[in-house]
Amino acid sequence: MAACKVCESPLVIELVPDDLELSCGCHFHWQCLLDQAAELGISLKCPSCDAGLAMNVAGPSVTNPFLQSAPGAAILTRYTNEGGVQDNYDILPAITEEAYLEANPEARPARAFHVMCSEGDVGGIVELLRDAEQAEGNEPMMDAARLVRYQDPLADSKSGLHLAVEKGQEEVVWLLLWIASTLGTEAFPGPAVQAAHSMGVQRPSTLASEDIRALTDNQGRTSETVAAQIAGFWTKILDSGALHPGS
């Protein structure tokens, strides 16, 4: 029976299969391979046998702080776990993300913040921002202002507001405008104001240069542009000018 090339243990975790087979034939536990992300993301070679796993026509990504491989590059594997067998499973996105987070540990909560914005987890967002303001110790952590304005280099430099608009999360949109825009308080709908007050979220003073609505992704799009591309769902908010930078 094959064993993990890193820890040399059987490819099961508590009787559940955990077998990630690379194209070279080497086997790893998922976490064991993920622990090699920083090296693998740069070399695109098997950590055990040094076989090439993907084509990277742009050259070694060690010169790129975000480890962005050439368009279309992939590391295809065969992954067996409790859900069954997944053939041609591309692990390069996960490896790239983990390598980036290893190099930028303060981005972990920011990535969690973006997931919450996409999923509409208003309560989670408020709790995370409070934790950021009260953070102590040596663990790297962005402050709340940076978290709210974080733009993900692995996801087209989108902000949480971009993602909330894309996913139709209106409550999140109003919350982010409440805490990170210059939009007048009178422009907010009653339920949004009530929700902010019920959660104890105060409106900080925001400079025009810090307005989250002015952030653009790698395509030059503001959240207003994204909403206009979606149209329908956001028409009323667009018409009100709430997403327009500086309004």
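None of these values were measured; they are calculated from a predicted model. Start at 1 with the first residue, then count along the sequence. Heavy atoms only: backbone and side chains are in, while hydrogens, waters and symmetry mates are out.
Nearest heavy-atom pair across Ala180 and Val148 is CB-CG1, 3.4 Å. Considering every non-hydrogen atom in both Phe233 and Gly168, the closest pair reads CZ-O, 3.6 Å. Heavy-atom minimum distance, Ala107 versus Met142: CA-CE, 4.1 Å. Heavy-atom minimum distance, Val173 versus Ala164: CG2-CB, 3.8 Å. Smallest separation of non-hydrogen atoms from Cys117 and Leu176: SG-CD1, 4.1 Å. Between Pro109 and Pro105, the shortest heavy-atom contact is CD-O, 3.9 Å.
To the nearest 0.5 Å, atoms CG (Leu147) and CD (Glu133) are separated by 9.0 Å. Atom CG of Leu22 sits about 7.0 Å away from atom OG1 of Thr77, to the nearest 0.5 Å. To the nearest 0.5 angstrom, Glu82 atom CD is 11.5 Å from Ile13 atom CD1. A distance of 5.0 Å separates OG in Ser159 from CD1 in Ile212, rounded to the nearest 0.5 Å. The line from CD1 of Ile125 to NE2 of His114 is 9.5 Å long, rounded to the nearest 0.5 Å.
Side-chain heavy atoms closer than 4.5 Å link hydrophobic residues (I, L, V, M, F, W, Y) into clusters, and following such links, even through other members, never connects Leu163 to Ile179. There is no path of hydrophobic side-chain contacts, each under 4.5 Å, that joins Val115 to Leu161. Clustering ILVMFWY residues whenever any of their side-chain heavy atoms sit less than 4.5 angstrom apart, transitively, puts Leu76 in a cluster other than the one holding Leu44.
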### Query
Given the rule in the side chain to side chain contact (heavy atoms under 4.5 Å, CB included) test, do Ile230 and Val165 qualify, once you have shown the distances and angles that lead to the verdict?
CA-CA 9 Å; Ile230 297 172; Val165 169; 4.2 Å; yes

### salt bridge (charged side-chain N to carboxylate O under 4.0 Å, His left out) between Arg108 and Glu98, worked out
CA-CA 10 Å; Arg108 289 188 184 276; Glu98 186 61 24; 2.9 Å; yes

### Task
Could you walk me through whether Leu11 and Cys4 pass the side chain to side chain contact (heavy atoms under 4.5 Å, CB included) test, one step at a time?
CA-CA 6 Å; Leu11 294 161; Cys4 175; 3.9 Å; yes

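Applying the side-chain hydrogen bond (donor to acceptor under 3.5 Å, both in side chains) test to pairs two or more places apart or on separate chains, those with a residue in residues 229-239 are Arg221-Gln229. Applying the ring pair (Phe, Tyr, Trp, His ring centres under 6.0 Å) test to residues at least two apart or on different chains, the pairs with a partner in residues 151-182 are Trp174-Phe188, Trp178-Phe188, Trp178-His197.
One N or O on the side chain of Asp121 and one on the backbone of Gly124 form a donor-acceptor pair closer than 3.5 Å. Here the side chain of Arg203 pairs a donor or acceptor atom with the backbone of Ser181 at under 3.5 angstrom. A donor-acceptor contact shorter than 3.5 Å is absent between the side chain of Ser157 and the backbone of Pro153.
Counted by atom type alone, Thr182 and Asp211 present one or more donor-acceptor pairs between their side chains at under 3.5 Å.
The number of heavy-atom neighbours closer than 6.0 Å to CD of Glu166, taken from other residues, nucleotides and ligands shown, is above 12.
The pair Lys45-Glu39 does not count as a salt bridge, with every side-chain nitrogen at least 4.0 angstrom from each carboxylate oxygen. The existence of a salt bridge linking Arg146 and Glu106 is excluded, since no basic side-chain nitrogen approaches an acidic carboxylate oxygen closer than 4.0 Å.
With sequence neighbours excluded, no residue satisfies side chain to side chain donor-acceptor pair (under 3.5 Å) with Gln151.
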Could you tabulate the donor-acceptor pairs under 3.5 Å formed by side-chain atoms of residues 24-35, not counting sequence neighbours?
unit_1 : atom_1 : unit_2 : atom_2 : d
His27  : ND1    : Asp19  : OD1    : 2.7
His27  : ND1    : Asp19  : OD2    : 3.3
His29  : NE2    : Pro10  : O      : 2.7
Gln31  : NE2    : Asp35  : OD1    : 2.9

Using a 3.5 Å cut-off and no angle test, enumerate the donor-acceptor pairs between side-chain atoms of residues 240-247 and protein atoms at least two apart in sequence or in another chain.
unit_1 : atom_1 : unit_2 : atom_2 : d
Ser240 : OG     : Ile237 : O      : 2.6
Ser240 : OG     : Ala242 : N      : 3.3
His244 : ND1    : Glu224 : OE1    : 3.0
His244 : ND1    : Glu224 : OE2    : 3.3
Ser247 : OG     : Arg213 : NH1    : 2.7
Ser247 : OG     : Gly241 : O      : 2.8
Ser247 : OG     : His244 : O      : 2.9

When the side chains of residues 85-95 are checked against the rest of the protein, which donor-acceptor pairs come out under 3.5 Å, sequence neighbours left out?
unit_1 : atom_1 : unit_2 : atom_2 : d
Asp87  : OD1    : Arg78  : NE     : 2.9
Asp90  : OD1    : Ile75  : N      : 3.0
Asp90  : OD1    : Leu92  : N      : 3.0

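With a 4.5 Å cut-off on side-chain heavy atoms, Thr225 and Thr222 count as touching. Using a 4.5 Å heavy-atom cutoff, the side chains of Lys158 and Asp152 are not in contact.
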